[in-house]
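Counting convention: from 1, in listed order, for ligands and their atoms alike. All of these numbers come straight from a predicted model, not from anything done at the bench.
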Amino acid sequence: MTKLLSGKAVSARIKEEMKEQVKALKENGIYPGLAVILVGDDPASKVYVRNKKLACEYIGINSFEHLLPDTTTQEELVKLIDKLNKDASVSGILCQLPLPEHIDEDAVINAIDPKKDVDAFHPVNVGKIMTGNYDFVPCTPAGVMELIKESGIDVAGKECVIVGRSNIVGKPMAMLLLHSNGTVTICHSKTRSLADKTRNADILIAAVGIPEFIKGDMVKPGAVVIDVGINRIAPKVLVGDVEFDAAQNVAAAITPVPGGVGPMTIAMLMKNTLKAAQINKTKNKAE
Ligand code: NAD
């Protein structure tokens, strides 16, 4: 029978463990705190920011929200980041992407202190992911790795095929699988004979951003299928990048959307924030 890899259940378990870890840190005078910056009022971004705040509150992490108007200049944003870099009560800083067009994303990412870069987007942290000697693992790929572990599959020697090569998902995903000794193929919009590649995958990861792009006949029987995609096709309807009903008839294990990779991403963000709190020895604001 096909195993459903429930990120909702796994992330709930991880969050319970983290509650205990936060308690222990506080007993040692370390107070994890996450600063989240949102520029503008993109509805999807607002939902992500709210969920991150709720997760912080649940685990016992201080959460500092900075909701800025979309007229905010790049200079103002970088100034705020600079202030947060120096704030001893802030362990981690996250600037929700995408940013309004007049702001250069790279300039903003580069402004975050790499030791507080809980998204692991700063070039210093990207480089560390390449070498395998990293403090922060990018949240979505880290969540995917946890789910693969959960499926009982050992990545070593497996054919891993990733569809999508973004800096946020596809590329770091490839590195993490490689560090686990997978044989990795990265596919993208210019890849030829895509279905031949995906049908070869023991572990297939879809991060394309096109609703139900991966069809059932593109999946190898017995594969582990991880669907990173989140596509809103109607006001209250979310679907992934994989045609779930068809793929689940073929796969050995598969993630649902919603309730798969999404909740894992937030759990991994919390994990990175705890790590940052330890690295930066974060103090409580009240002190
Ligand atoms: P992106 O738009 O930056 O990248 C999409 C990738 O898909 C590109 O590399 C492109 O080459 C590839 N692609 C596009 N068309 C293709 C085609 N016809 N054939 C093969 N490859 C093709 O997107 P992203 O930021 O990597 O996000 C991908 C999806 O994952 C989106 O649905 C996004 O919402 C979702 N996402 C989910 C989470 C989560 O927490 N679950 C986190 C980040 C992104």
Open item on the list: Between the side chains of Asp87 and Lys83, is the shortest nitrogen-to-carboxylate-oxygen separation below 4.0 Å, so that they form an ion pair?
Closed with: no
- [ ] Give the protein residues with at least one non-hydrogen atom closer than 4.0 Å to an atom of ligand 1, ordered by chain and number.
- [x] Thr140, Val163, Gly164, Arg165, Ser166, Val169, His188, Ser189, Ala207, Val208, Gly209, Ile210, Phe213, Val228, Gly229, Ile230, Asn231, Asp241, Val261, Gly262, Thr265
- [ ] Using side chain to side chain contact (heavy atoms under 4.5 Å, CB included) as the criterion, list what pairs up with Lys26, not counting sequence neighbours.
- [x] Val22, Tyr31
Per-pair distances, 0.1 Å, donor-acceptor, side chain in residues 185-195, under 3.5 Å, sequence neighbours excluded:
{"unit_1": "His188", "atom_1": "ND1", "unit_2": "Lys190", "atom_2": "N", "d": "3.2"}
{"unit_1": "Thr191", "atom_1": "OG1", "unit_2": "His188", "atom_2": "N", "d": "2.7"}
{"unit_1": "Thr191", "atom_1": "OG1", "unit_2": "His188", "atom_2": "O", "d": "3.2"}

TODO: May I ask you to decide whether Arg13 forms a salt bridge with Glu146, counting only side-chain N to carboxylate O separations under 4.0 Å?
DONE: no
- [ ] Return each pair, listed once, that meets salt bridge (Lys or Arg N to Asp or Glu O under 4.0 Å) where at least one residue sits in residues 107-128; pairs must be two or more places apart or across chains.
- [x] Lys128-Asp135
- [ ] Verify side chain to side chain contact (heavy atoms under 4.5 Å, CB included) between Met218 and Lys197, making sure each step is shown before the conclusion.
- [x] CA-CA 9 Å; Met218 293 167 77; Lys197 313 259 184 323; over 6 Å; no
